[in-house]
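Take a look at the structure set out below.
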Amino acid sequence: MSAQEWTRRKLLNTAAGTGVALGGAAPLLSPGTAAAHGGPGGDRRRLRIIAIEEAVMLPGLITEGTALNGAIPFKPEVAKEWLKRLPDITEYRLADMDEHGVAMQVLSLTPPGVQMQPDAAIAVRDAQHANDALATVVTAHPTRFGGLAALPLQNPKAAVREARRAMRDLGMAGFLVNGHTCGEYLDSPRFRPVWAALEELGAALYLHPTPAPAGDWEITRDRPELVGPLYSWAAETAGHALRVIVGGVFDDFPGARLILGHMGEFLPFHMPRLDVQIQNIDTKVRLRRKPSEYLVDNIAITTSGVMDDTMLQAAVKAVGIDNVLFAIAYPFEKTSQAVSFLRSAHLSATHREKIAHRNAERLLRL
């Protein structure tokens, strides 16, 4: 995508603090006016639910990305509904949260975010603008929303400055990166200063799939159904996370934390094979620990899009209950289905609370 095309997609509404809901919906509600901060009455009050992979389009930086413009064969009516809900805060989003008992969404810029901007200076400005706009939403609704800030990795020094500003000045809960950054992955030596800053700040980084692959993948040729959530996003994101592990990032920064959505993008179910086969491979970086140990000590996972109790039980056994967090992936997944899955999963009360909110509160300092 050219810089000109990226700039063209920046739409309207550049003043983030106007008091008007994103997307031109109803005026922003004052904090506390939403029903019960987590849903009306009954048993729903007993379980606090925080969802941490929740997408938003922000004023001044509204990007449809390649996921919704024909690269993946989403049904037109489905994409239309997503595009209606992505820029909104109060008309649809809060109502949806209240209806299903979700106390808080942790918002982040919808893919592709700032990662595909080829002009580093524009990427820095876009990230700053996005983070300012997101902070405005969080400030207006401090009990309902948190924020994962964007990082302009195109300029690592600027990304470090923005990371510190986002955490210290804007009160963000962490960061979200949408896949590779113009073909560069998080194990790149260029990004070591960013990892150092994240470790220093105690800030987790959510690695989300990107709708823009770094290159052609022959396995998806003539099968566009396999591009995206059906297969390629999970495989690409899992591979990206493995690059971080085998690249020695967590040996260099043992306090760094990465979050993977979609029940860990295959990796919890691949851990035994990783540990066996790493012994047979002459790796470029000599790792200090087994891959599974990094997956337990440095990586957390969320339930987004994988609403199945069998998968949840296996993931909990693989990575530990303290590393599993709840997420919906609103509006791309249905809140009703995700919350119903959480409430009906075969979990003890303590484990359900950890997944529903306690792990997120600890990891993201909510």
Side-chain angles (χ1 to χ4, degrees), residues 52-53 106 108-109 113-115 123-124 127-128 130-131 134-135 146-181 184-208 237-261 264-265 267 283-302 319-320 322-325 358-366:
I52 75 164
E53 187 199 310
V106 180
S108 53
L109 188 60
V114 302
Q115 261 58 64
V124 172
Q128 292 170 342
N131 295 338
L134 186 54
L148 297 179
L151 280 176
L153 294 174
Q154 293 88 336
N155 181 336
K157 289 184 179 179
V160 169
R161 291 194 297 270
E162 184 61 14
R164 291 174 175 151
R165 186 182 80 94
M167 294 296 290
R168 294 171 177 171
D169 299 341
L170 301 182
M172 294 291 99
F175 299 90
L176 183 139
V177 166
N178 287 288
H180 64 89
T181 300
E184 283 194 283
Y185 295 90
L186 287 165
D187 63 311
S188 169
R190 289 207 320 134
F191 299 145
R192 283 312 202 260
V194 179
W195 282 109
L198 295 178
E199 184 180 50
E200 168 198 329
L201 293 165
L205 175 64
Y206 204 123
L207 178 57
H208 190 276
T237 308
H240 193 161
L242 284 176
R243 288 184 68 106
V244 173
I245 290 175
V246 302
V249 170
F250 296 131
D251 283 341
D252 292 344
F253 308 102
R257 294 302 302 268
L258 192 68
I259 305 175
L260 300 175
E265 312 286 11
L267 290 181
T283 59
K284 290 184 177 180
V285 176
R286 187 175 181 85
L287 298 180
R288 298 174 188 169
R289 296 183 290 163
K290 298 177 181 178
S292 63
E293 294 180 78
Y294 300 105
L295 280 162
V296 171
D297 293 341
N298 298 99
I299 294 179
I301 70 173
T302 77
V319 302
D322 292 331
N323 288 324
V324 182
L325 295 77
R358 294 195 186 281
N359 291 340
E361 289 165 343
R362 171 178 47 82
L363 186 59
L364 301 177
R365 296 179 291 189
L366 298 170

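Here the structure is a predicted model, which means the values were calculated and not measured.
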Test item: [X] and [Y] side chains (from C-beta on) under 4.5 Å apart, heavy atoms:
{"X": "Leu207", "Y": "Glu265", "result": "no"}
{"X": "Leu242", "Y": "Leu267", "result": "yes"}
{"X": "Leu148", "Y": "Glu53", "result": "no"}
{"X": "Ile245", "Y": "Phe250", "result": "yes"}
{"X": "Val106", "Y": "Tyr206", "result": "no"}

Please name the pair of heavy atoms, one in [X] and one in [Y], separated by the smallest distance, quoted to 0.1 Å.
{"X": "Asn178", "Y": "Gln115", "result": "N-OE1, 3.1 Å"}
{"X": "Val160", "Y": "Pro193", "result": "CG2-O, 3.5 Å"}
{"X": "Leu364", "Y": "Ala204", "result": "CD2-CB, 4.2 Å"}
{"X": "Phe175", "Y": "Ala203", "result": "CE1-CB, 3.6 Å"}
{"X": "Glu162", "Y": "Ala150", "result": "CG-O, 4.2 Å"}
{"X": "Val296", "Y": "Val319", "result": "CG1-O, 3.9 Å"}

Would you sort out whether Asp322 and Arg362 count as a side-chain contact (heavy atoms from CB on, under 4.5 Å), showing the intermediate values?
CA-CA 10 Å; Asp322 292 331; Arg362 171 178 47 82; 3.8 Å; yes
If only atom types and distance count, is the side chain of [X] paired as donor or acceptor with the main-chain N or O of [Y] below 3.5 Å?
{"X": "Tyr294", "Y": "Ile299", "value": "no"}
{"X": "Asp251", "Y": "Leu287", "value": "no"}
{"X": "Gln154", "Y": "Val114", "value": "yes"}

Straight-line distance of [X] [atom1] to [Y] [atom2], nearest 0.5 Å:
{"X": "Arg165", "Y": "Leu170", "atom1": "CZ", "atom2": "CG", "answer": "4.5 Å"}
{"X": "Leu201", "Y": "Met172", "atom1": "CG", "atom2": "CE", "answer": "13.5 Å"}
{"X": "Arg243", "Y": "His180", "atom1": "CZ", "atom2": "NE2", "answer": "11.0 Å"}
{"X": "Leu325", "Y": "Ile52", "atom1": "CG", "atom2": "CD1", "answer": "4.5 Å"}
{"X": "Leu151", "Y": "Leu176", "atom1": "CG", "atom2": "CG", "answer": "9.0 Å"}

Could you check Arg288 against Glu293 for salt bridge (Lys or Arg N to Asp or Glu O under 4.0 Å), going step by step and ending with a plain yes or no?
CA-CA 10 Å; Arg288 298 174 188 169; Glu293 294 180 78; over 6 Å; no
Take Leu363 and Ile259, measure what side-chain contact (heavy atoms from CB on, under 4.5 Å) needs, and give me the verdict at the end.
CA-CA 10 Å; Leu363 186 59; Ile259 305 175; 3.6 Å; yes
side-chain hydrogen bond (donor to acceptor under 3.5 Å, both in side chains) filter on Arg161, not counting sequence neighbours, yields none
The side-chain hydrogen bond (donor to acceptor under 3.5 Å, both in side chains) partner of Arg257 among Asp297, Asn323, Asn298 is Asn323
So Phe253 and Arg192, side-chain contact (heavy atoms from CB on, under 4.5 Å) or not? Walk me through it.
CA-CA 9 Å; Phe253 308 102; Arg192 283 312 202 260; 3.4 Å; yes
Verify side-chain contact (heavy atoms from CB on, under 4.5 Å) between Leu186 and Val249, making sure each step is shown before the conclusion.
CA-CA 9 Å; Leu186 287 165; Val249 170; over 6 Å; no
Any idea how Tyr185 and His240 line up, ring-wise: parallel (<30°), tilted (30 to 60°), or perpendicular (>60°)?
perpendicular
